[in-house]
Amino acid sequence: DPGYHVPARLTEDRTGPPVIIELQTSTNQRRRMRRVGTLGFTLGEIAYTLSAFADEDDRVMARLFVPFGDLTSGADETYKGGRYLDLDRTPTGLYDLDFNRAYHPYCVYSPDYDCPVPPRENRLALAIRAGEKLGSPKH
């Protein structure tokens, strides 16, 4: 769906020391992640933001991890714990945010996996009806 493929700008967290957040996981563990910054984008005519993360020990940060939940999460459309996007870092801070590439974490398929749950700040108050859905084949 081209309506869910939008440009985004990363505003990096550069003031002070790195922001480390403990994300809860599907097995009630904690995973320490570094918040790289926030991605600002517009869907329809409404502006949104999502926090982008990297592993705490990742000094290169070549990829951004963007876990998110939306109004389809847990509504028999998508996994209740949310979905993920992975973005290759860009030198410009401009990103191609394509929700059509949103995927379910591995814990959807097996409880043996320990998957980060999107933080509250990454819960979107709209339904993202693009990307992987329950019952759809994994891309």
Leu134/Asp76 under side chain to side chain contact (heavy atoms under 4.5 Å, CB included): CA gap, chis, key distance, verdict: CA-CA 7 Å; Leu134 293 174; Asp76 293 335; 5.6 Å; no
Verdict with supporting geometry, Leu10 and Thr90, side chain to side chain contact (heavy atoms under 4.5 Å, CB included): CA-CA 9 Å; Leu10 179 69; Thr90 69; over 6 Å; no
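Between Asp70 and Arg83, the closest side-chain pair of non-hydrogen atoms falls below 4.5 Å. By the 4.5 Å heavy-atom criterion applied to side chains, Tyr109 and His104 are counted as neighbours. With a 4.5 Å cut-off on side-chain heavy atoms, Pro67 and Pro119 count as touching. Contact of the Met61 side chain with the Val36 side chain is registered, since non-hydrogen atoms from C-beta on lie closer than 4.5 Å. Side-chain contact between Asp1 and Asn100 is present, with at least one heavy-atom pair separated by less than 4.5 Å. At least one side-chain heavy atom of Leu94 sits under 4.5 Å from a side-chain heavy atom of Arg9. Contact of the Ile128 side chain with the Phe68 side chain is registered, since non-hydrogen atoms from C-beta on lie closer than 4.5 Å. Using a 4.5 Å cut-off on side-chain heavy atoms (C-beta onward), His5 and Phe99 make no contact.
In this structure, Tyr4 and Ala127 approach most closely via the heavy-atom pair OH-O, 3.3 Å. The nearest pair of heavy atoms linking Cys115 to Cys107 is SG-SG, 2.7 Å. Contact record, Pro116 with Leu23: CB-CD1, 4.0 Å, taken as the closest heavy-atom pair.
Residues forming a salt bridge (charged side-chain N to carboxylate O under 4.0 Å, His left out) with Asp13 (at least two apart in sequence, or on another chain): Arg35. Not counting sequence neighbours, the partners of Thr78 by the side-chain hydrogen bond (donor to acceptor under 3.5 Å, both in side chains) test are Thr72. Residues meeting the side-chain hydrogen bond (donor to acceptor under 3.5 Å, both in side chains) test with Tyr95, sequence neighbours left out: Arg89. Every ring pair (Phe, Tyr, Trp, His ring centres under 6.0 Å) that Tyr113 has, sequence neighbours left out, goes to Tyr106. Checked against side-chain hydrogen bond (donor to acceptor under 3.5 Å, both in side chains), Arg129 has the following partners two or more places apart in sequence or in another chain: Glu77. Every side-chain hydrogen bond (donor to acceptor under 3.5 Å, both in side chains) that Asp86 has, sequence neighbours left out, goes to Tyr103.
Here side chain to side chain donor-acceptor pair (under 3.5 Å) pairs that include residues 56-67, with residues two or more places apart or in two chains, are Arg32-Glu56, Arg63-Asp88. The salt bridge (Lys or Arg N to Asp or Glu O under 4.0 Å) analysis of residues 108-119, with sequence neighbours excluded, yields the pairs Arg31-Asp114. Each salt bridge (Lys or Arg N to Asp or Glu O under 4.0 Å) pair with one or both residues in residues 91-107, not counting sequence neighbours, appears once here: Asp98-Arg101.
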Check: residues 38-53 side-chain donor-acceptor pairs under 3.5 Å, at least two apart:
{"residue": "Ser51", "atom": "OG", "partner": "Glu121", "partner atom": "OE2", "Å": "2.3"}

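Here the straight-line distance linking atom CZ of Arg34 with atom CG of Leu64 works out to 11.0 Å at 0.5 Å rounding.
Cluster note: Val117 groups with no other residue, as no ILVMFWY side-chain heavy atom lies under 4.5 Å from it. Clustering of Ile, Leu, Val, Met, Phe, Trp and Tyr by side-chain heavy atoms under 4.5 Å joins Leu71 with none of the others.
One hydrophobic cluster holds both Leu124 and Val66 under the rule that ILVMFWY side chains link at heavy-atom gaps under 4.5 Å.
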